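Take a look at the structure set out below.
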There are 2 protein chains.
Amino acid sequence: MVARTGHLERALRERGVRITPQRAVLLSLIESAGRPVDARSLLERVRRALPSVDKTTVYRTIALLKEHGLVDELDLLHRNGLAHYYEPVPEQQEVHLVCERCGAIIEARSPLLERLRRDMERAHGFRVKASRVEMGGHCRRCQ
Amino acid sequence: MVARTGHLERALRERGVRITPQRAVLLSLIESAGRPVDARSLLERVRRALPSVDKTTVYRTIALLKEHGLVDELDLLHRNGLAHYYEPVPEQQEVHLVCERCGAIIEARSPLLERLRRDMERAHGFRVKASRVEMGGHCRRCQ
DNA sequence: GTATTTGCAAAAGCTTTGCTGCAAC
DNA sequence: GTTGCAGCAAAGCTTTTGCAAATAC
């Protein structure tokens with residue numbers, strides 16, 4: 001289920017909640033769940049609600065959310081040079097499939113992910129806190 | 001088996017092979033197999049053999065090797081900001097375990113990786129060309 | 001008043017590009 | 001001569017930092 005743009009923000013406004021820059025960043029992140037966004041697009045989205053927000057605020061809010069383990073940082077196999085992508089941490093671990101032709105991003109799940117994690121913990125005595133699985137290639141339609 | 005620094009280079013020189021900048025980059029990459037290197041360290045290594053080499057040459061050579069599928073590009077969960085890490089494509093797919101405390105990087109293998117790839121191809125009709133699995137956390141000694 | 005949040009400008013890094021000269025064939 | 005390789009300087013982008021004004025408590 002994909003959220004419509006701005007629908008959380010409207011709901012909050014109607015209840016008298018003031019939208020601060022930080023809140024706007026958080027809302028925009030939540031509303032783009034399922035499609036990781038880079039900082040530039042995130043800023044654009046945020047500015048639709050609060051036009052004067054600066055990129056500094058976007059980066060600082062992301063940093064805050066990362067520290068609390070609420071946001072994942074990806075780079076989708078360097079799809080866009082140095083840019084990073086962000087999304088709310090999903091309930092269940094995902095594989096990001098990145099189509100190198102059309103740019104589609106598929107978020108896939110698999111029980112093997114959890115097994116792989118346990119495997120690593122057992123075999124190497126490693127305590128896993130965060131993990132990221134990205135695969136590049138060609139999606140069904142681009143072959 | 002970890003190669004000693006410069007041993008390939010010396011072997012080639014002894015056989016009368018001239019070490020060009022490109023070759024020096026390739027050799028340094030091969031010699032640091034098992035420990036992904038960023039462009040800055042790679043340049044330092046290369047300069048031990050050929051002091052006048054420029055970073056442009058390092059980046060261009062990496063780009064060439066990437067195009068031919070000989071080098072993998074990682075970022076180890078943004079361990080070092082915007083920097084990317086490079087290593088020769090391993091024969092068998094690996095998981096990179098990144099210790100957030102001591103910085104250790106463990107290259108782990110698992111048959112689940114190959115299964116995961118086939119899973120994705122089957123379930124999503126996706127043709128996988130490259131893949132990357134990184135996990136952050138604490139290594140055995142840092143817990 | 002004190003602490004936090006914010007915007008603006010500037011800096012810091014990593015990577016890429018333009019261009020010119022050099023070497024190989 | 002033509003082609004590709006290499007070095008240097010400059011630019012391009014993303015992200016971070018310093019600082020002062022504004023805001024919240």
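Because the structure is a prediction, the values reported are computed rather than measured. Computed over heavy atoms, backbone and side chain alike; hydrogens, waters and symmetry mates excluded.
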- Task: Would you jot down, in residue-number order, the residues of residues 96-105 of chain B having a non-hydrogen atom under 4.0 Å from DNA chain C?
- Result: none
- Considering just the side-chain nitrogens and oxygens of A/Thr57, establish if one lies under 4.0 Å of OP1 or OP2 belonging to C/dT6. no
- Item | Short N-O contact, B/Lys66 and B/Glu73, less than 4.0 angstrom | yes
- Message: With no hydrogens and no angle check, just 3.5 Å: does a side-chain donor-acceptor pair link B/Thr57 and B/Asp54?
- Response: no
- Closest nucleotide among C/dC14, D/dG7, C/dT6 to the B/Asn80 side chain: C/dC14
- Touch class at under 4.0 angstrom, heavy-atom based, for B/Arg23 against every strand present: nothing
- Query: Within this structure, what is the CG-to-P distance between B/Leu26 and D/dC5, rounded to whole angstrom?
  - Reply: 14 Å
- B/Leu64 CG to D/dG4 C1', in whole Å, measures 12 Å
- Query: B/Leu43 has an atom CG; how far is it from atom C1' of C/dT15, in whole Å?
  - Reply: 13 Å
- Message: Please check if the number of heavy atoms outside A/Arg47 that lie under 6.0 Å from its CZ is greater than 12.
- Response: yes
- Query: What's the CZ-P distance between A/Arg18 and C/dT4, to the nearest Å?
  - Reply: 18 Å
- Could you state the atom-to-atom distance from CG of B/Asp75 to P of D/dT14 in whole Å? 16 Å
- B/Glu114 and B/Arg117 ion-paired at < 4.0 Å: yes
- Message: As an exercise, state the distance from CD of B/Glu134 to CG of B/Leu74, rounded to the nearest 0.5 Å.
- Response: 5.5 Å
Identify each atom pair where a protein N or O and an N or O of nucleotides 15-20 of chain D are less than 3.5 Å apart, giving names and distance.
| from | atom 1 | to | atom 2 | distance (Å) |
| --- | --- | --- | --- | --- |
| D/dT15 | OP1 | A/His84 | N | 2.8 |
| D/dT15 | OP2 | A/Tyr59 | OH | 2.4 |
| D/dT15 | O5' | A/Tyr59 | OH | 3.3 |

- Item | From NZ (A/Lys129) to SG (B/Cys99), nearest 0.5 Å | 11.0 Å
- Message: Taking A/Leu26 as the starting point, is it possible to reach A/Leu43 by hopping between hydrophobic residues whose side chains are less than 4.5 Å apart?
- Response: yes
- Item | Any residue meeting side-chain hydrogen bond (donor to acceptor under 3.5 Å, both in side chains) with A/Thr20, in chain and number order, not counting sequence neighbours | none
- Message: Using a 3.5 Å distance criterion without hydrogens, assess whether the side chain of A/Gln93 forms a donor-acceptor pair with backbone atoms of A/Val133.
- Response: no
- Message: Just the rounded figure in Å: distance from P of C/dT4 to CD of A/Gln22.
- Response: 12 Å
- Value in whole Å for how far the P atom of C/dC14 lies from CD of B/Glu44: 11 Å
- Note on the structure: When rounded to whole Å, the CG to C1' distance for the pair B/Leu74 and C/dT15 reads 17 Å
